[in-house]
Amino acid sequence: MLKRTHTCGELRISDVGKTVILNGWVDRIRDLGGILFILLRDRYGITQIVFEPSNIEVYEMAKELGPEYVIGIRGKVRKRPDEAMNPKIPTGEIEVIVDEMEIFSKSKIPPIYVNREDDTSEEMRMRYRYLDLRREGMKKNLLLRHEMAVFVRNFFNERDFVEIETPILTKSTPEGARDFLVPSRLKPGRFYALPQSPQLFKQILMISGFDRYYQLARCFRDEDFRADRQPEFTQVDVEMSFVEREDVLDLAEDLFVELIRKFKGIELEKPFRRFTYVDVMERYGSDKPITVFEHELKDLSDLFKETDFKVFRNVLEKGGVVKGLFVEKKHTRGEIGKLEDELKRKGAKGLVWFILDGGEVRSPVMKFLSESEVRSLLERMETKDRDGTIFMVADEERMHVNELLGILRSKFEKEFAEKEDFLDVFWVIDFPMFEWSEEEGRIVANHHPFTMPNSEDLERYEDDPLKIRALSYDLVVNGYEILSGSIRIHDRKIQEKVFNILGIDEKEAKERFGFFLEALEYGVPPHGGFAIGFDRLVAVIAGERSIRDVIAFPKTTSGVDLMTGAPSEVRKEQLEELGIDVKIGSDDL
RNA sequence: GGGGACGUGGUGCAGCCUGGUUAGCAUGCCGGUCUGUCACACCGGUGGUCGCGAGUUCAAAUCUCGUCGUCCCCGCCA
């Protein structure tokens, strides 16, 4: 075998004269009749190799080569003629004149282009993933992902963290996302669940005294998928003992400062900006806004206290609120109608709007408003004579107003994010500990039930638990929730109180997480941690819209692996062993 | 669970609204010419049951219904 002495990315002008062997894939063939150029590609780069008729045997062989053939060649490195140098590739000053060649394997005509970036449907790319991964874009992303993983591991290793693997086959703990289940052969009728996150294990590791733990952990959630959600994904899972919130935030900031410096060349300043949950909702209407797209929500309630516009006045008299959002886009009535419909589906009573067009203000509610009300509206919204649209929502529930305008704002954020290059990093802290779940008709944990509540709040709002804040935190990067974590409960009594509020009685708690509650009775250090959505983080750094582009073998939005065909049917015997009957209704096939 | 977009030679798209020629373009692929190309160029050629099924019609890529697949969004994702 012609075994390579160099890769296809490393030969330079200083190597001229050397006899080398290269291995790689045939990338492009340029047959000029009397001379034949081939670009030879491997993961390290591309080198031009040349076949000349003076070596007729090899030359004839080269004419038979096709795209994606894998070959080995021996030849001499030579300097290209001055006018034939290619400054676009690092090896562009040289070429290798081939005097011996071995064809390792032939290739069928590839169904997708390997040496071209666009022009391929995602369906094809996933079906022929091995070809897609040969392409520059995917190769770059996977190498970046690897480097980021190495970086993360180094960061934690240097700080005395220990990487410990936690089980993939584990116990289903309802609450949260739907579990993927794995049937147990030895205990027919019972099931393992794949972990949604290693949450309880990492806390148990703290109880075990490991002090500082991290893991690049695979997690599984059986919910519907999106551009930024796959059924299996990777978290950088971190937990530490004998710490308070500040310690955890500080460590996470160090990580992101160094990571962004290394991979983006941007210097973030510590401490990062912080918003409380209430703050960020009041200003942006979202708990993961893009703040560099300014356009904040403005409270207009005081301007309309005395207004003749009954809709506003009624809401305000009942203690409600009126808020507005200004964007520099003159909407058509059709566009506004669609936005209004969408907000109405989310419980908005209506959407009031003003179009600003060359100093003129148009709105269906103009006739109800005084000149001074309009003037102070424009001033408060800081329109500064710009054209655009002001949207206004009024409701008795303050948070509802925020959420509704936040939905609008996020649409404009997305348009902004498509065309701008930016880095927007900040903390959101003091999330509510609990929230009301409409469909379950009960209070549920906002983060998870092991999150430490703010202890003052816990005392003060025993009868109004929705007001209790949690010692939890999210790091938002470019509109994505990239990191999320909390200080955990290390006191069995507080844990019981939280279960109590959640309406989980002792028996139920025991069934679900009895092992964990028991562990809580054997000496628990104060601890806290976080998890980073690693796929999303890599995607943000790589500038990719979809995490599928930073995952080697992703699944479609319906959870199918187009390359392997998973999920697939299994043999009858396999099911019998497991004691499983598959019922497929006639509608299902 | 709901809404939307898309599905046409190997690949990426046009045609569809307003049904009626040989389904068009680009690229690939095959053959030819060409000794300095670099997305080689030029000439010639190959290649399509228009996702699948049913319906309407004298006639369906085109209209209708269903179905499958991919993508986007809502719900969901502690």
Side-chain angles (χ1 to χ4, degrees), chain A residues 27-39 46-54 59 63 66-67 78 80-89 91-92 95 97 108-128 131 173-179 196-197 199-200 219-231 233 338 341-343 345-346 407 410-411 414 431-435 437-440 443-451 470 472 481 484 486 498 502 504 512 531 533 545-546 548 554-560 562 587 589:
Chain A
D27 189 73
R28 236 171 240 286
I29 302 168
R30 288 189 283 269
D31 183 354
L32 269 61
I35 186 168
L36 196 153
F37 298 99
I38 282 179
L39 294 183
I46 282 184
T47 300
Q48 175 165 285
I49 61 178
V50 191
F51 296 85
E52 288 177 346
S54 51
Y59 182 74
K63 281 188 175 296
R78 71 184 188 193
R80 297 197 197 184
D82 287 343
E83 68 281 4
M85 291 194 177
N86 184 354
K88 280 187 253 172
I89 55 174
T91 61
E95 63 196 2
I97 172 79
K108 289 178 35 174
I109 299 301
I112 66 176
Y113 299 108
V114 173
N115 47 24
R116 211 177 280 204
E117 280 309 309
D118 311 315
D119 279 10
T120 312
S121 67
E122 229 176 310
E123 202 169 343
M124 277 291 153
R125 290 179 50 204
M126 284 194 274
R127 168 127 169 62
Y128 297 98
L131 298 179
T173 51
E175 186 104 0
R178 197 176 291 116
D179 284 317
Q196 298 177 21
S197 83
Q199 184 59 36
L200 293 178
C219 305
F220 307 85
R221 291 177 192 176
D222 189 6
E223 296 292 347
D224 286 358
F225 314 129
R226 292 288 154 72
D228 63 344
R229 275 168 22 200
Q230 282 272 303
F233 59 99
K338 273 187 194 156
D341 286 347
E342 186 172 344
L343 289 199
R345 278 198 297 276
K346 311 248 166 151
I407 290 166
S410 71
K411 288 185 187 297
K414 269 178 199 141
F431 281 85
M433 178 76 195
F434 305 103
E435 63 189 1
S437 165
E438 207 59 59
E439 70 269 29
E440 290 183 63
I443 286 181
V444 296
N446 187 29
H447 189 57
H448 56 63
F450 315 106
T451 301
S472 63
E481 177 198 312
S484 179
S486 64
V498 167
L502 291 171
I504 300 174
R512 285 200 202 172
R545 280 191 66 249
S546 164
R548 285 188 299 273
K555 292 176 182 61
T556 69
T557 47
S558 56
V560 170
L562 287 178
D587 300 345
L589 263 181

_I'd like to check the ring-ring contact (aromatic ring centres under 6.0 Å, His included) partners of A:Tyr59; sequence neighbours left out, ordered by chain and number._
none
*Give A:Leu32 one of three labels, base, sugar-phosphate or nothing, depending on what nucleic acid heavy atoms sit under 4.0 Å from its own.*
base
_For B:rC50, give the paired nucleotide (Watson-Crick: N1-N3 plus N6-O4 or O6-N4; G-U: N1-O2 and O6-N3; both under 3.5 Å), or none._
none
*Please name the pair of heavy atoms, one in A:Asn446 and one in A:Glu435, separated by the smallest distance, quoted to 0.1 Å.*
OD1-OE1, 3.3 Å
_Distance, C1' atom - from B:rG7 to B:rC52, rounded to whole angstrom_ = 11 Å
*What about A:Arg226, does its side chain sit under 3.5 Å from the base of B:rG75 through a donor-acceptor pair?*
yes
*Answer yes or no: side-chain N or O of A:Arg80 and base N or O of B:rU37 forming a donor-acceptor pair under 3.5 Å.*
yes
*Quick one: look up who B:rG12 pairs with, Watson-Crick or G-U, both distances under 3.5 Å, and put none if it's unpaired.*
B:rC25
_For B:rC6, the Watson-Crick or wobble counterpart (both distances under 3.5 Å)_ = B:rG69
_With a 3.5 Å limit on both atom pairs, tell me what B:rG75 is paired to, counting Watson-Crick and G-U wobble, or say none._
none
*Report yes if a donor N or O on one partner sits less than 3.5 Å from an acceptor N or O on the other, where the partners are the side chain of A:Tyr113 and the base of B:rG10; otherwise report no.*
yes
_What is the separation between atom CD1 on A:Ile49 and atom P on B:rG36, rounded to the nearest whole Å?_
19 Å
*Have a look at A:Ser558 and say if it touches a base, only the backbone sugar-phosphate, or nothing, with a 4.0 Å heavy-atom cut-off.*
sugar-phosphate
*With a 3.5 angstrom cut-off on both distances, give the Watson-Crick or G-U wobble partner of B:rG55, or none if there isn't one.*
B:rC63
*Pairwise C1' distance for B:rG45 and B:rG28, with rounding to whole Å*: 14 Å
*Expressed in whole Å, how much space separates the P atoms belonging to B:rG44 and B:rU57?*
47 Å
_The side chain of A:Phe37 is closest to which nucleotide in this list: B:rG36, B:rU70, B:rC29?_
B:rG36
*How far, in whole Å, is B:rC63 from B:rA26 if one measures between their C1' atoms?*
30 Å
*Considering non-hydrogen atoms only, spot the tightest contact between A:Pro111 and A:Leu131 and give its length.*
CD-CD1, 3.6 Å
*Are there more than 12 heavy atoms of other residues, nucleotides or ligands under 6.0 Å from atom NZ of A:Lys108?*
no
*asked:* Closest-nucleotide mapping onto RNA chain B: is A:Thr120 or A:Thr557 further toward the 5' terminus? I mean the 5' end.
replied: A:Thr120
*asked:* Can you measure A:Asp222 atom CG to B:rC76 atom P for me and round it to whole angstrom units?
replied: 16 Å
*If you look at every strand shown and take non-hydrogen atoms under 4.0 Å, does A:Ala84 touch a base, only sugar-phosphate, or nothing?*
base
*Determine the Euclidean distance between corresponding P atoms of B:rG19 and B:rU64; express it in Å to zero decimal places.*
12 Å
*Under 4.0 angstrom, heavy atoms only, what part of the nucleic acid is A:Met85 near: base, sugar-phosphate, or nothing?*
base
*Under a 3.5 Å cut-off for both distances, is B:rU18 Watson-Crick or wobble paired, and to whom?*
none
*For A:Asp179 and A:Gln196, does a side-chain donor sit closer than 3.5 Å to a side-chain acceptor?*
yes
*What distance, rounded to whole Å, do you find between the two C1' atoms, one in B:rA23 and one in B:rC34?*
35 Å
*asked:* Please give me the minimum heavy-atom distance between A:Arg548 and A:Lys555, naming the atom from each residue.
replied: CD-O, 3.8 Å
*Could you work out the separation of B:rG31 and B:rU21 based on their P atoms and round it to a whole Å?*
35 Å
*N or O in side chain of A:Ser121 less than 4.0 angstrom from B:rU11 OP1/OP2*: no
*Counting any heavy atom closer than 4.0 Å, what does A:Pro81 reach on the DNA or RNA strands: base, sugar-phosphate only, or nothing?*
base
*Under 4.0 Å between any heavy atoms, over every strand shown, what does A:Arg127 touch: base, sugar-phosphate, or nothing? Just pick one.*
nothing
_Rounded distance in Å - CD1 (A:Ile97) to C1' (B:rG36)_ = 12 Å
_hbond_proxy A:Glu95 side chain to B:rG36 base (donor-acceptor, 3.5 Å cutoff)_ = yes
*Given atom CG of A:Asp228 and atom C1' of B:rC72, what is their separation to the nearest angstrom?*
12 Å
*asked:* Taking donor-acceptor contacts at under 3.5 Å, does the side chain of A:Arg229 reach the base of B:rC76?
replied: yes
*Hey, does A:Asn115 reach any base, or is it just sugar-phosphate, or nothing, if we go heavy atoms under 4.0 Å?*
nothing
*Considering only side-chain heavy atoms of A:Asp31, which listed nucleotide, B:rC34, B:rC77, B:rG75, is closest?*
B:rC34
*Distance check: side-chain N/O of A:Arg78 vs OP1/OP2 of B:rG36, anything under 4.0 Å?*
no
*Mind calculating the distance between CG (A:Asp179) and P (B:rC77) to the nearest angstrom?*
13 Å
*Might you point out which heavy atoms bring A:Phe233 and A:Phe220 nearest each other, and give the distance in Å?*
CE2-N, 4.3 Å
*Atom CZ of A:Arg127 and atom CG of A:Leu562: how far apart are they, to the nearest 0.5 Å?*
8.0 Å
*Across all strands, who's sitting opposite B:rC30 as a Watson-Crick or G-U wobble pair, both distances under 3.5 Å?*
B:rG44
*Taking atom C1' of B:rG51 as reference, at what distance in whole Å does atom CD of A:Glu123 sit?*
10 Å
*Whichever of A:Met124 and A:Glu342 has its nearest RNA chain B nucleotide further upstream toward 5'*: A:Met124
_Pairing partner of B:rU35 (Watson-Crick or G-U wobble, both distances under 3.5 Å)_ = none
_B:rG10 phosphate, OP1 or OP2, under 4.0 Å from A:Lys108 side-chain N/O_ = no
*Using the C1' atom as the reference point in each nucleotide, state the distance between B:rC13 and B:rA61 in Å, no decimals.*
15 Å
_Protein-nucleotide distance (A:Arg345, atom CZ; B:rG4, atom C1'), rounded to Å_ = 11 Å
_Tell me which one of A:Ile97, A:Ile38, A:Ile35 satisfies side chain to side chain contact (heavy atoms under 4.5 Å, CB included) with A:Phe51._
A:Ile38
*Under 3.5 Å, is there an N or O donor on one side and an acceptor on the other linking the side chain of A:Arg28 and the base of B:rC38?*
no
*asked:* Using whole Å, what does the distance between atom P of nucleotide B:rU33 and atom CD1 of A:Ile35 come to?
replied: 17 Å
*Looking across every strand, which nucleic acid part, if any, lies under 4.0 Å from A:Pro67 by heavy atom: base, sugar-phosphate, or nothing?*
sugar-phosphate
*Which heavy-atom pair separates A:Arg229 from A:Asp224 by the least distance, and what is that distance?*
NH2-O, 2.5 Å
*Touch check for A:Arg178, heavy atoms < 4.0 angstrom, all strands: base, sugar-phosphate only, or nothing?*
nothing
*Look at the side-chain N and O atoms of A:Lys88 and state whether any lies under 4.0 Å from the OP1 or OP2 oxygen of B:rA39.*
yes
*Look at all strands and tell whether A:Gln48 reaches a base, only sugar-phosphate, or nothing, counting heavy atoms closer than 4.0 Å.*
base
*Taking the side chain of A:Ala177 as its heavy atoms from C-beta onward, which of B:rC76, B:rC29, B:rC77 lies nearest to it?*
B:rC77
_Among B:rG75, B:rU70, B:rC77, the nucleotide that comes nearest once only the side chain of A:Thr556 is considered_ = B:rU70
